[in-house]
Chemist: 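Once you've had a glance at the structure underneath, I'll fire off some questions.
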Amino acid sequence: MVSTYGALVFLVGAVAMVVIAAFVSFQSTEPEDPKSVTQKVYRVRSLYFFLLLFVLVLAYGFTLPKAPYFRDSSPDVVVDVVGKMWFWELKPVKGAVLENGDLVLPAGRKVEFRVTSADVNHGFGIYSTDGYILTQTQAMPGYTNHLIYTFKKPGIYRVFCMEFCGIGHHNMFARIVVRKEGE
Ligand SMILES: [Cu+2]
């Protein structure tokens, strides 16, 4: 499929080149003065340069402030997450509680997980009730990753470590209980 597409692009390009060459050779009647041609080309070239500069400045101006990715700064719920060998420490900061070791969150609210690690690299992965991964980020020592997620449906979600971090890696899980607000 990809090679068919590539061949098509090549064919279109080749035909276009032949057509352009034919057009140019039929258009030109008398040989032009090389100096004036050079000047004309230089003028067009500098025009293209400033046009390109303008487009690039515009593009970088709009995208660089959001790098490396768009960060939403207005979460309803904030949870600090620390990965440790070999468990997750979940600390509710705003709008969440801990109940028997489970993190309890309201459904339909924007949750910010501030994820870091106390020792080695871990992977903070959130899974749905039926085992599908919903979102994830790295838990790295000395650095905090901000993960924004909204749990639409109430239910029991699971956190698994997604980075093999040692002998107790398989024990690194936690539960997130999402409830309808007010329940
Ligand atoms: Cu791990």
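Numbering of ligands and ligand atoms starts at 1, following listing order.
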Chemist: Do any of the N, O or S atoms of C161 sit under 2.8 Å from the Cu ion (ligand 1)?
Modeler: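 Here the distance criterion (N, O or S atom, under 2.8 Å) is met by C161, so yes.
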Chemist: Salt-bridge test for R114 and D80: reply yes if a basic N is under 4.0 Å from a carboxylate O, no otherwise.
Modeler: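 Salt bridge between R114 and D80, a charged N being under 4.0 Å from a carboxylate O: yes.
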Chemist: Distance only, no hydrogens: is a donor on one side chain within 3.5 Å (strictly under) of an acceptor on the other, for E112 and H146?
Modeler: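 Yes.
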Chemist: Evaluate the ring planes of F113 and F124, with Trp represented by its six-membered ring, and classify them as parallel (under 30°), tilted (30 to 60°) or perpendicular (over 60°).
Modeler: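 Plane angle between 30° and 60°, so tilted.
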Chemist: What is the name of the N/O/S atom of E163 that is nearest to the Cu ion (ligand 1)?
Modeler: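 Atom name returned: O.
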Chemist: Relative to the Cu ion (ligand 1), which of the N, O or S atoms in H169 is the closest?
Modeler: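 Of the nitrogen, oxygen and sulfur atoms in H169, the Cu ion (ligand 1) lies nearest to ND1.
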Chemist: With the threshold set at 4.0 Å, does a side-chain nitrogen-carboxylate oxygen contact exist between D102 and R175?
Modeler: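 Yes, this pair counts.
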